[in-house]
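Being a predicted model, the structure only gives us computed values, none of them experimental. Keep in mind that the numbers below use all heavy atoms, side chains included, and drop hydrogens, waters and symmetry copies.
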Amino acid sequence: MNATIATPVDQIDQLDPKEYIIIKNARVNNLKGVSLAIPRNKLVVVTGLSGSGKSSLAFDTLFAEGQRMYVESLSSYARQFLGRMEKPDVEYIKGVSPAIAIQQKVTTKNPRSTVGTTTEIYDYLKLLFSRIGKTYSPISGEEVKHHTVTDVVDFILSFEEGQKVMISCPLQVLAGRTLEQELELLLQKGYTRILIEGEAYFVEDLLGNKDVPKGSIDILIDRASVRKDDEDNQFRIADSVQTAFFEGHGECTITVPGEVTRTFSDKFELDGISFELPSVNFFSFNNPYGACKTCEGFGSVLGIDPDLVIPDKSMSVFEGAIAPWRGESTGKWLEPLVKKGIYFDFPIHRAYEDLSPEEQELLWTGNSYFKGLNAFFEDLESKTHKIQYRVMLSRFRGRTTCPDCRGTRLRKDASYVKIGGKSITDLVLLPIEKGLAFFQNLSLTEQEQKVAKRLLKEILNRLEYIDKVGLGYLTLNRLTSTLSGGEYQRIKLATSLGSALVGSMYILDEPSIGLHPRDTDRLIEVLKSLRDLGNTVIVVEHEEKIMRAADQIIDIGPDAGVLGGELVFQGNLQQLLSSAQTHTARYLKGEEKILDRLQPRTWKDFILVKGARENNLKNLQVKFPLNTLTVVTGVSGSGKSTLIKKVLYPALGKTLGTVLDETGKFDKLEGDYKKITQIEFVDQNPIGKSSRSNPVTYVKAYDAVRTLYAEQPLAKQRGYKPAFFSFNVDGGRCEACQGEGTVTVEMQFMADIHLTCESCKGKRFKNEILDIKYQDKDISDVLAMTIDEAMEFFKGKSQIINRLQPLQEVGLGYVGMGQSSNTLSGGEAQRVKLASFLGKGGTKAGDHILFVFDEPTTGLHFHDIRKLLHSIQALIDQGHSVIIIEHNTEVIRAADWVIDLGPEGGERGGNLCFEGTPEAMLIVQDNHTAHYLRETINFDR
């Protein structure tokens, strides 16, 4: 039987679970008895409209069953807590492999979490450096070594058989004791002889003798002969050497009469510096032992911020580029520089940004003619007992990279330990693609290779995967909290792939989030290599490229919510295009279009950002037109999020007094930005972290519903106010579950379990509240409806309809009225926010809101993107402006103005590659975005 053809339900029972993962009658959430057989070791894409049931099938059914089977393998003690865990609502699932799920998660905000720690590469680096790292003195550059007992024994055994040797160590006369007292102690310890200038004396002969010879004194520990085949003799020598190191406080002297005298030390010292022996904790910035003492392991310190001291780099020193020296009293610090600059050839009339690095540094260090900024701030520090100086200092303070650890959070001496000429701090600051090249070309000794073989394999494996998924421009030191959503997803993907499991079932939730089409090609290669290892790869995805690369496509639909939950197609791409009539098939065939191309809007007003230099931005000057749809695009890591989230949004927000976020480095805003009356950043963060928050409360529709129920005759008779129909306050809600509908059982060793409340049976309200009905439906029934059903149910109630309609317009008609906000995907949360703005309707006359959207097509099917774009165009028609950070070529096509950053990511990004209309972009050569725009879009279609 051909694996690409959907299997008839009556034949599913006959299939072999060794070849297929078989699901029979899945009814989880909105799935309507879905039965299907997924072939093993294939790349399978599950697609369909948002809310059609894709995630219900992949995660709530398949992955949940894989997890439940794992739990059943645990001990009976663990299972006694899990007995109440509900199985997925399915007749049976056969052939489930060990399941690994990589879902969309909000990026961690932990200030200590880095790319290196998240991917576990840093853990392997710590082990590698502690095992084969060599310590070098920062003074002479020589390798720091110390001797072991084995080194000394090997030295002794290198002499001829029968050779006599003496093992001794220096006598340490401790403070407060005389030589005679030390000699008495030696006798008590059992030592009978000492050496003075190499001559042997009995200790007893010297006690009480006032004429003790002058010179260096050593304790004679042992005299032995070299016998290479006598094991007992070797043990004796080793024991004596160990004793010598102890008594000599780390020093041991071996004397071969007539041949050589050599001193060994087990101290880790060189050039007068005592070094620490490398250990795993020595390289851990999350451990007090390894953390940098200056910044306490955070990588940054509160110091003088150069960008606050010299805010406008286009000004010269003469024009007042140095902000703290503009005042009358502080101007005296500037006078010597202006008057005497000619003596050391300093260009006081040249813009700061045009000065050489040496000239810029001179402003800080000063010279014999003038005192620099460092001296100025030291002077301020010495006067901080006066409030005016404390205030002035605070104006120029900011978070700056720690000078001791260069932002790597590690103690300074950890950088003295090197492998192949590089320290661990050097490696974590390198872009991953360069770090990968370093390890690929690393040459080690045979002994080092034996020790490091396994560690290097793990490091290389993970670095290769990160590079393959298009993140080679990141550094291992990059904070996880500064990554975009797409970058974080792929970091987690690379971590899972790095373990290279075989025979597993990988379930991925839209791994193409935040990916430029160029990077999507790389991702497909990674997914195929994972499949070729012998894994079943199931991807919940809307990206056309990944669908076209899949071995099999499973389309769930036909629509969303209660109108979805059915298997509408299963087969390969050719079968989908030739025989299917689903939404997915119609868009892939071009029978339906996301948006007919409109003539780009003309504009005259714009915002100009000058001198953007945050992260990798290379002093950009970018124009953002108003009353238009502007799309900012470019490959991953090119600087899109930095330009919009770190520079434009906070800079504009501060002029309006509504944003307190730290603004990235830039020179100034110009243009018509004062025409903007409000700026709204519509991101994919959850609309509410509380399980009580839901879309209907967010758009303020529930207030009108509660009022309606309070106006019913029975409610008036009983004196019920609108608050009685709220599940957030005491009154009408079920007190057993506090209106949640579920009770949480806390687990000590795994995720908490949520069980339906036994008191209200999940209805959230007391029975007497449920007596109040409107058109035979109680308040709990209303919360169980979808938005679409509620629109029909409340027909004629304009206060409710007007609030709910925007949710339907942005394609969220399938969402439940009472569905918890924390169950919404990032894309759904973003559309709820958009609906809330649309729901506010005609804002006050003259209001001009700038909306910024961060990848709004995340998690959206072609059909949903169409609805989204119509809603966004509606905002512009109301007189507002929209900026979208996006890679989707259909959205780029719909734009009035395109800003393309690049050409690559990381160090090779941050340049303005193009700004203009999509039509003008089509003719641009050697541009990744233009290439894919030409490849996938036909403007005449």
Side-chain angles (χ1 to χ4, degrees), residues 4 6 43-52 54 510 512 515-518 520-521 523-524 539-560 563-564 567-600 629 631 633 810-811 827 855-873 884 886-896 898 917-923 928-941:
T4 60
L43 173 56
V44 180
V45 167
V46 182
T47 190
L49 270 60
S50 298
S52 61
K54 304 181 302 298
E510 296 182 61
S512 67
L515 278 189
H516 190 274
R518 194 276 309 263
T520 305
D521 291 339
L523 177 69
I524 290 168
V539 186
V540 176
E541 189 56 85
H542 301 287
E543 173 59 45
E544 184 176 337
K545 276 175 170 283
I546 296 180
M547 284 189 216
R548 293 187 181 277
D551 300 314
Q552 187 168 88
I553 297 170
I554 295 171
D555 199 356
I556 306 294
D559 288 295
L563 300 175
L567 176 64
V568 291
F569 173 81
Q570 182 179 8
N572 59 29
L573 180 69
Q574 287 71 31
Q575 292 166 332
L576 179 70
L577 296 177
S578 63
S579 61
Q581 276 304 312
T582 65
H583 284 299
T584 306
R586 286 197 291 274
Y587 278 98
L588 287 177
K589 286 187 276 191
E591 293 174 5
E592 285 191 44
K593 289 182 272 188
I594 286 180
L595 198 68
D596 288 322
R597 178 66 185 148
L598 302 171
Q599 192 65 28
L629 171 57
V631 172
T633 186
V810 296
E855 297 182 32
T857 62
T858 296
L860 296 194
H861 188 271
F862 309 111
H863 198 59
D864 301 306
I865 294 173
R866 181 179 181 172
K867 293 179 182 176
L868 176 78
L869 283 175
H870 278 296
S871 298
I872 287 174
Q873 297 288 4
I884 302 180
E886 189 55 82
H887 302 108
N888 187 293
T889 44
E890 290 284 0
V891 177
I892 298 169
R893 173 184 173 232
D896 302 306
V898 178
T917 63
E919 282 82 0
M921 187 174 210
L922 276 180
I923 59 174
H928 291 302
T929 307
H931 167 74
Y932 286 101
L933 200 59
R934 281 193 297 271
E935 183 184 281
T936 56
I937 304 298
N938 175 3
F939 274 78
D940 300 319
R941 149 175 125 191

### Task
Apply the test side chain to side chain contact (heavy atoms under 4.5 Å, CB included) to residues Glu544 and Thr520: give CA-CA distance (whole Å), side-chain angles for both, the deciding distance (0.1 Å), then the verdict.
CA-CA 10 Å; Glu544 184 176 337; Thr520 305; over 6 Å; no
Between atom [atom1] of [X] and atom [atom2] of [Y], what is the distance when rounded to the nearest 0.5 Å?
X: Leu629; Y: Ile872; atom1: CG; atom2: CD1; answer: 6.5 Å
X: Arg518; Y: His928; atom1: CZ; atom2: NE2; answer: 4.5 Å
X: Gln574; Y: Ser579; atom1: CD; atom2: OG; answer: 10.5 Å

Between the side chain of [X] and the main-chain N/O of [Y], is any donor-acceptor distance below 3.5 Å?
X: Lys54; Y: Leu49; result: yes
X: Thr582; Y: Ala585; result: yes
X: Glu592; Y: His863; result: no
X: Thr633; Y: His887; result: no
X: Gln575; Y: Asn572; result: yes
X: Asp559; Y: Gly564; result: no
X: Ser512; Y: Leu515; result: no

### Ile554 and Val44: CA distance, side-chain angles, deciding distance, side chain to side chain contact (heavy atoms under 4.5 Å, CB included) verdict
CA-CA 7 Å; Ile554 295 171; Val44 180; 3.6 Å; yes
Ignoring hydrogens and geometry beyond distance, is a side-chain donor-acceptor pair present between [X] and [Y] at under 3.5 Å?
X: Thr857; Y: Glu886; result: yes
X: His542; Y: Asp864; result: no
X: Thr47; Y: His861; result: no

### Message
Is there a side-chain contact between Arg548 and Leu588 in this structure, where contact means two heavy atoms from C-beta onward sitting under 4.5 Å apart?
### Response
yes
### Query
Is any side-chain heavy atom of Ile556 less than 4.5 Å from a side-chain heavy atom of Val46?
yes
### Message
Evaluate Gln570 against Asp555 for side chain to side chain contact (heavy atoms under 4.5 Å, CB included), listing each step before the verdict.
### Response
CA-CA 6 Å; Gln570 182 179 8; Asp555 199 356; over 6 Å; no
#### Entry: Check against salt bridge (Lys or Arg N to Asp or Glu O under 4.0 Å), Glu591 and Arg586
CA-CA 5 Å; Glu591 293 174 5; Arg586 286 197 291 274; 5.3 Å; no
